[in-house]
Amino acid sequence: RAPPGSVKRDYYVWSDSADKWKDTRIIFTDTETSNWTWDDVAKAFYWHRFFSHQPDLNFRNPHVIRAVIRVMNYWFEMGVDGMRLDAIPYLCERDGTFGRHVLVYPKPSDQLWKAQAMHDFVATLRGLAKTDSGAGRVAGSIPLTSDILDSIGRDAPIASIASFIGVVLVVVVIIRRPRAIAYVIGSLVIGVLWLAAATMALHVKINFANFIAFPITFGIGVDYAVNVIARYEQDGESDVRGAIMSTGGAVGLASMTTIIGYSSLLLAKTRALFYFGLVAVMGEVSCLTTAVVTLPALLLLLQRLRRKAV
């Protein structure tokens with residue numbers, strides 16, 4: 001009721017017309033006919049989302065914010081432990097917005113947590129939230145999970161491919177010998193394919209937590225084949241058994257310590273951590289197996305074929 005244009009006047013939300021923001025829902029329709037009420041002293045309408053005896057403060061006014069903080073500090077100093085913040089969406093007003101908030105409670109079902117059903121549900125909500133003035137925001141655990149899954153579906157292949165290309169480039173630059181490069185990269189590819197097959201066989205769904213195990217497997221798993229091939233070449237590419245005998249123990253030990261670290265995640269009750277540990281362990285086992293079993297077997301086979309050819 002302070003004079004128009006004064007600081008105190010701006011503590012509340014005023015209008016010369018009750019038609020402003022007329023599309024905003026009236027909450028208590030049993031007692032209120034409008035969100036605006038005329039004040040004879042101020043000669044203007046004041047805004048209230050609740051009852052007419054509860055005018056809304058103008059939280060866009062910094063003086064209001066400071067005054068509210070002073071009140072809060074007073075009660076905190078009196079020993080109050082906390083305060084309940086109610087009706088937060090109604091604190092601020094803005095031209096061009098409806099100020100309507102809708103709570104959607106879907107029927108609890110495990111179907112809703114399946115990716116496609118979740119995407120369809122969120123897409124329906126966002127379709128309903130679209131208005132002539134723009135799309136409303138849809139929030140909640142289900143939309144957030146849906147967005148995360150979309151992000152993984154878009155970014156995970158890119159990250160994995162980039163990781164694989166990076167590993168290949170490093171191997172090419174360091175080794176430089178085409179045959180050795182083919183052995184190392186081939187061993188890695190077979191190990192990763194075994195990992196993918198294992199996840200499908202065990203019905204492990206790739207999510208935002210465990211997909212990280214794939215790029216990590218590229219970087220760690222390639223080391224085992226590199227060590228085996230390096231020793232094999234040092235022996236003149238003639239003694240596969242000697243290469244495995246001299247490097248297999250060290251490679252196995254390095255892999256086992258990594259497997260033990262990842263295996264600790266299998267004790268986690270959080271499913272995301274559990275499946276990350278599971279996928280990482282399977283990646284280690286598959287890459288180790290290809291490096292010390294499959295790759296040597298291939299080398300022995302190629303040796304025999306070359307001898308027969310001679």
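Heavy-atom minimum distance, Ala291 versus Ile244: O-CD1, 4.4 Å. Heavy-atom minimum distance, Ala196 versus Thr199: O-OG1, 2.6 Å. Shortest non-hydrogen contact noted between Val281 and Ser263 is CG2-OG, 3.7 Å. Nearest approach of Ser160 to Phe218, heavy atoms of both residues: O-CE1, 3.3 Å.
One N or O on the side chain of Thr217 and one on the backbone of Ala213 form a donor-acceptor pair closer than 3.5 Å. At least one donor-acceptor pair closer than 3.5 Å links the side chain of Thr257 to the backbone N or O of Ala254. Using modelled atom types, no side-chain atom of Ser187 and backbone atom of Tyr183 make a donor-acceptor pair closer than 3.5 Å. When atom types are taken as modelled, the side chain of Lys43 and the backbone of Asp40 share a donor-acceptor pair closer than 3.5 angstrom. Counting only distance, with no hydrogens or angles, the side chain of Glu32 and the backbone of Ser52 share a donor-acceptor pair below 3.5 Å.
At least one side-chain heavy atom of Leu295 sits less than 4.5 Å from a side-chain heavy atom of Ile229. A 4.5 Å side-chain heavy-atom check between Ile220 and Cys287 finds every atom pair outside the cut-off. Looking only at side-chain heavy atoms (C-beta outward), Tyr275 and Thr270 stay at 4.5 Å or farther from each other. Side-chain contact check for Trp75 versus Glu77: every heavy-atom pair is 4.5 Å or farther apart. Between Tyr232 and Leu299 there is a side-chain heavy-atom pair separated by less than 4.5 Å.
Note on Phe274 and Phe214: same hydrophobic cluster, where clusters join Ile, Leu, Val, Met, Phe, Trp and Tyr whose side-chain heavy atoms are under 4.5 Å apart, directly or indirectly.
Classification of the Tyr12-Trp14 ring pair by plane angle, with boundaries at 30° and 60°, yields perpendicular. The aromatic rings of Phe28 and Phe50 sit tilted relative to each other, their planes meeting at an angle between 30° and 60°.
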Derivation of the side-chain contact (heavy atoms from CB on, under 4.5 Å) call for His63 and Asp10: CA-CA 9 Å; His63 295 283; Asp10 198 35; over 6 Å; no
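A salt bridge between Arg126 and Asp120 is absent, with no side-chain N of the basic residue lying under 4.0 Å from a carboxylate O of the acidic one.
Under the 3.5 Å distance criterion, with hydrogens and angles disregarded, no donor-acceptor pair is assigned to the side chains of Arg231 and Thr247. At a cut-off of 3.5 Å, with distance as the only test, a side-chain donor of Tyr224 or Glu284 sits close to an acceptor on the other residue.
Between Trp36 and Trp47, the distance separating the two ring centers is shorter than 6.0 angstrom. The aromatic ring centroids of His119 and Phe121 lie 6.0 Å or more from each other.
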